[in-house]
2 protein chains.
Amino acid sequence: MAEGKTIKRAGAVFVEGMGAAFATSGVLSQLQGRIFGLLYLDPEPVSLDDIADALDQSKSNISINIRGLVDWHLVRRVSVPGSRRDHYEAATDFWRVMQEIMERRFRWNLRQVIATCDETERTASEKTSARDKDRRFVEQRLAALRQFAAGVDAGIEAFSQGNAVSPDLMHGTPGKKRRKS
Amino acid sequence: MAEGKTIKRAGAVFVEGMGAAFATSGVLSQLQGRIFGLLYLDPEPVSLDDIADALDQSKSNISINIRGLVDWHLVRRVSVPGSRRDHYEAATDFWRVMQEIMERRFRWNLRQVIATCDETERTASEKTSARDKDRRFVEQRLAALRQFAAGVDAGIEAFSQGNAVSPDLMHGTPGKKRRKS
DNA sequence: GTTTGTGTTTAGAATATTTCGAACATACTG
DNA sequence: CAGTATGTTCGAAATATTCTAAACACAAAC
């Protein structure tokens with residue numbers, strides 16, 4: 001609306017590019033990428049219907065998908081004085097978004113791995129019929145995986161808090177066992 | 001085969017846990033997680049058919065999915081003396097896998113964003129009809145996004161090479177404009 | 001060279017996800 | 001309060017993905 005027809009052309013390139021990028025991100029969908037692309041190049045907040053219109057999608061679909069964008073802090077819902085409609089604008093604090101993803105996606109995933117290791121070990125130790133050799137093998141493997149996941153988890157946490165992270169702190173030189181300090 | 005029935009029970013917990021973890025990873029599928037889970041707790045390499053059998057899937061499906069695991073270096077194909085079949089075993093160098101993912105997934109994705117910014121800018125500058133104000137707005141936004149993506153990209157590269165990465169090197173304090181050097 | 005064992009490709013079936021339009025709920029307008 | 005504008009929810013349709021079984025290709029064994 002506020003932008004000229006030419007920008008709209010360039011906008012189409014950007015919108016589709018963001019769609020492609022988001023689609024392969026594993027975090028957000030193609031449509032969410034396109035929505036973000038549209039908003040990011042528009043200086044004015046845009047209403048739901050205008051977004052639906054511009055991207056040729058149903059209002060309900062935009063409604064659903066934009067919620068995810070707001071969740072990840074990639075888009076803000078703002079109120080526009082004259083209008084009763086919800087309006088949306090792109091956020092520009094990508095750093096924040098990245099932190100959010102690291103917290104809620106990566107770390108959550110790592111904890112899931114850790115939890116699985118723990119649960120497996122508990123289950124394995126209940127039943128005592130397995131040969132010692134097998135038991136030890138499994139426990140050693142579970143320990144190795146848990147240690148890796150815990151290390152990365154700690155690394156991300158440190159990073160999130162503004163600390164530098166160095167690779168060798170995270171991977172405990174696999175193969176050879178090493179003391180903690 | 002080489003593992004007792006009890007380990008198999010615990011194994012089921014682990015297999016399903018890995019399936020769940022991988023499913024939400026955005027990189028690999030649930031089935032791939034289950035395959036990895038199975039192999040990771042087995043000291044012996046396992047044949048295609050045995051995997052298919054254990055996970056109750058068709059051979060072809062396993063064949064397809066295991067290729068992805070090998071691609072990401074999460075699983076190795078090994079040859080077993082007595083048998084003509086391909087056998088597979090889990091890799092244990094998670095660090096390597098992580099690097100692989102960072103390179104081939106994250107960085108590739110960031111470059112995609114950068115490329116889109118560049119392409120958009122080129123398209124925008126061809127058409128000169130837009131008002132200066134709009135043009136500058138768009139260009140400033142494209143520059144900001146590109147800078148962020150380039151920063152993260154450089155950070156990951158450094159990290160991959162064993163260097164420490166600190167957050168403040170990456171995010172150029174958004175809001176206020178800043179000179180390059 | 002034929003047969004047998006093995007992994008891969010392929011076409012279609014099964015399943016899951018995305019999308020739409022209608023129905024609904026809610027809040028503003030007069 | 002009636003009426004209208006707006007966002008959300010819901011069930012069905014469209015689309016995409018995953019999975020299977022059969023056909024295929026290739027190599028080893030006989």
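All values below were derived from every heavy atom in this structure, side-chain atoms included, with hydrogens, water molecules and symmetry-related copies excluded. Residue numbers start from 1 in every chain, and the chains themselves are labelled A, B, ... in the order their sequence lines are given, proteins ahead of strands.
Going from atom CG of A:Asp53 over to atom P of D:dG7 covers 13 Å, rounded to whole Å. A straight line from CG of B:Asp49 to P of C:dG5 spans 12 Å, rounded to a whole angstrom. Between the CZ atom of B:Arg77 and the P atom of C:dG7 there is a distance of 9 Å, rounded to whole Å. Residue B:Ile64 contributes atom CD1, which lies 15 Å from atom P of D:dA21 at whole-angstrom precision. The interatomic distance linking A:Tyr88 (OH) with D:dT6 (C1') rounds to 11 Å, in whole Å. The interatomic distance linking B:Asp50 (CG) with C:dT6 (C1') rounds to 13 Å, in whole Å. Spacing between atom CG of B:Leu48 and atom P of D:dT20 amounts to 13 Å, rounded to whole angstrom units. In this structure, A:Asp56 atom CG and C:dT19 atom C1' are separated by 12 Å, rounded to whole Å.
The backbone N or O of B:Asn61 lies less than 3.5 Å from a partner atom in the side chain of B:Asn65, making a donor-acceptor pair. For B:Ser83 (side chain) and B:Val80 (main-chain N/O), no donor-acceptor pair under 3.5 Å exists by modelled atom type.
Residue B:Arg85 places at least one side-chain N or O closer than 4.0 Å to OP1 or OP2 of C:dT6. In this model, the phosphate group of D:dT8 is approached by a side-chain N or O of A:Ser63 to a distance below 4.0 Å at OP1 or OP2.
Look at B:Glu121 and B:Arg146 and you find a salt bridge, because one of the NZ, NE, NH1 or NH2 atoms lies within 4.0 Å of a carboxylate O, short of that distance.
Aromatic ring orientation, A:Phe148 versus B:Phe94: tilted (interplanar angle from 30° to 60°). Taking the six-membered ring where the residue is Trp, B:Trp95 and B:Phe159 present tilted rings, their angle falling between 30° and 60°.
Of all nucleotides listed (C:dG7, D:dA28, D:dT8), C:dG7 comes nearest to the side chain of B:Lys59.
Mapped onto DNA chain C by nearest heavy atom, A:Arg84 and A:Gln30 fall at different nucleotides, with A:Gln30 at the one closer to the 5' end.
B:Asn61 comes within 4.0 angstrom of a base, heavy atoms only.
Checked by distance alone, A:Ser60 brings no side-chain donor or acceptor within 3.5 Å of a matching partner on the base of C:dA22.
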